Amino acid sequence: MHNKYLILFLFLSTTIFSQNSNFDKTVDSITVLYKTYKKTLNPEISKIAINLVDKTQSDSLISKTYKKFGLKSFFKSDKKTLILVKENLKKLYKKNKDSSVLAQFYYIKGLEYRLLYKPDSAFYYLNRSKNISIALKDSLSVGEKYFRMGIVQYKVRDYIGTEATVIEGLKYVEPLNEIYFTVFLYKKLGNVLMITDRQNEAREVFKKAYSFVKNNNNNFDLAKLYASLGKTYESEGNNLKASEYYYKSLQVDSLAIKIPHSYDLALEGYSYNNFKLGNKELALKGYLEVLKSRIKRKDVNNYVFSYSLLGELYASTNQIKKAIYHTKEGLRIAKKINHSERILENLFLLSRLVKGEKGRLYLEEHFKLNDSLFKRERSIKNQFAKIRFETEKKDKENKELKIDNDRKQLQLESEKQQKTIGWLIAGAGIMFIGFGTTVVLNRRKKLLFESKLLQIEAREKERQQIAKSLHDEVAGDIRILHKKLEKNKLVEESKELDRVKENVRSLSHQLSSVSFDEVSFKNQIVNLVSDYFEADFRIKIKDINTVKWQDVNNLIKRTLFLSIREAMQNIDKYAKSSNVIISFKESKKSLFLTINDNGKGFDTSSKKKGIGLKNMKERIEEINGVFSVDSLKEKGTTINIEIPKNGN
């Protein structure tokens, strides 16, 4: 088998590199490589395909190929290919500064964190990708990312959050008459309704999902609908009705051949409900057939269900040895894939099946795991935090090295300037003393300005550490306590704690630093204002492209960003405005920002001014800027900001 793929590699490599001038044949070669990769999941094949597509210099084909291989590698848990795609997307963005490429980079990075079982990080990067897609007005891509975000929330049992996320996604894709993600979003909504005991609503949603595909005459979609409806009745304890719907799903022609995964789920559901109805022989036959199919397809993640169900069935028929064997296998696999519910179920069943001390130990392990769920999750969270800390430490070291190099370069330039000035003074005499004095004064102002910027930078690092602590520790602890309250059915307390959690998360994101190295200032501003867009609330950004942002210090850009964010929050909360204009202007020495709204205005002479305006004023004046506010009641408010580029 290995020799077969080696020959394929050599053949494709020879064919590809002899035809790289022929675009159509290159596309055909990539298609062949993709089909081969789907069968083999060999990272070397994806590497060849990516190297090949890079040579075409066609950004659209490159982006499309990256996404195909990236998604397939995620679904097949091929981390090597996923990382390769992510790194190449990063290089492509640095090359062309295309926001759509950045959105794709964040998307793949979010999927990578899903494979690493880091739901917070996965959600964060998927959300960043979604916000860029919103700014680009790519509704289909927005819907896709809402769907992925919903899955992340669903995995950690944030069902209320999942429901809200899925509904937001439907708002974007449903008007497009798009089928694929519309159906997926409706199915996920149905699952949430089902698991939160709203079975009638769930059935209506599943039927609505099917209404989008029924015109395609696809019986396989009908099979999935029957299985979903069966699951709703199973959740209600109506095993007879559930088995009827699972049976309808199994009757769809060629389901076992065309979609074996769906066939196995339907047969497993049919068998389980018959077991509950007392038809144990029929259930055993179905369970064994499903297990055989999953072993053949290497469907490892679903082995646990087959073994656990067989253990339960054999236990009910007093076949203790078989019950113990299958339950132990179910426990082993559940631990491997970190499926807490199945671990607890198998431990409890083993405690009943195994006599004596061993049985007691299984029960003790069950109680210990159940009682220490908080500690275990805290331990996992600490491991994730450690990984993030080590990564950030390396980034910090690199930044400090860059700052040190910049300082040395500045020192060399300073010494060179001083020597030049000295020779000029010595050679030209008293006529140049005035000029020298001016240079020294300007340089002193510049150094003072740079010193202030360094102070701001240090403060921002401290702010970022606080944000990390809020996000990683405080929000994490609240989230765990929230789950315990839900488990104990303390609904009102749970809702109040959820509100506190969201406030902490919001505060941590407000405190966290904004990076202008990976995302341009323009895109950061677009992402910021896009969160406030409403049908009756218009925001216009003027002349942002007239400023050479790459030449502007990042701390000045952050000061402007924070000022805009504070202003937008105030306008949204107090102004009752329908129109906002954010204008930029650049002169040789200064940057100008004007924020104008047509809201209700306020009395600027009043001593009671908001802390937000006070903070903005202090932040601007700290770097030698000028801040002013003009406002007339019922006429609106204008904020004017001027910041010098170098402190002069």
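If you're wondering where the values come from, they're calculated on a predicted model, not measured in any experiment. Residue indices begin at 1 and follow the sequence shown.
The two residues Leu176 and Ser139 have their closest heavy-atom pair at CD1-CB, 3.8 Å. Here the closest heavy-atom approach between residue Tyr93 and residue Ser520 is recorded as OH-N, 3.8 Å. Contact detail for Asn527 and Ser530: the closest heavy-atom pair is O-OG, 2.7 Å. Closest approach of Leu185 to Val166, counting heavy atoms only: O-CG1, 3.1 Å. Ala103 approaches Lys145 most closely through the heavy-atom pair CB-NZ, 4.0 Å. Between Gly150 and Thr165, the shortest heavy-atom contact is N-CG2, 3.8 Å.
With rounding to the nearest 0.5 angstrom, the NZ atom of Lys90 is 5.0 Å from the NZ atom of Lys94. Note: Ile539 CD1 to Ile595 CD1 = 11.0 Å, rounded to the nearest 0.5 Å. To the nearest 0.5 angstrom, Arg128 atom CZ is 8.0 Å from Lys109 atom NZ. Considering CG of Asn523 and NZ of Lys97, their distance stands at 10.0 Å, rounded to 0.5 Å.
Side-chain rings of Phe584 and Phe592 stay apart, their centers remaining 6.0 Å or farther from each other.
For residues 634-643, every residue pair satisfying the side chain to side chain donor-acceptor pair (under 3.5 Å) rule, not counting sequence neighbours, is listed here: Ser590-Glu642, Thr594-Asn640, Asn596-Thr638, Ser631-Thr637. Applying the side chain to side chain donor-acceptor pair (under 3.5 Å) definition to pairs two or more places apart or across chains, those involving residues 572-586 are Ser577-Asn598, Ser578-Asn598, Glu586-Lys645.
With sequence neighbours excluded, no residue forms a side chain to side chain donor-acceptor pair (under 3.5 Å) with Thr162.
Here the side chain of Ser129 pairs no donor or acceptor atom with the backbone of Tyr125 at under 3.5 angstrom. The main-chain N or O of Thr182 is found under 3.5 Å from a side-chain atom of Glu178 such that the two form a donor-acceptor pair.
Side-chain contact between Phe627 and Leu613: present, with at least one pair of heavy atoms (C-beta onward) separated by less than 4.5 Å. Side-chain contact between Val580 and Phe537 is present, with at least one heavy-atom pair separated by less than 4.5 Å. Side chains of Phe184 and Arg148 form no contact here, defined as non-hydrogen atoms less than 4.5 Å apart. Ile541 is not listed as a side-chain neighbour of Lys522, based on a closest heavy-atom distance of 4.5 Å or more.
Salt-bridge formation is not detected for the pair Glu168/Lys130: no Lys NZ or Arg NE/NH1/NH2 atom is positioned less than 4.0 Å from an Asp or Glu carboxylate oxygen.
Annotation: Lys86, atom NZ; neighbour count of heavy atoms from other residues, nucleotides and ligands within 6.0 Å is above 12.
Side-chain contact of Lys557 with Asn554: a donor-acceptor pair under 3.5 Å is present, judged by distance alone.
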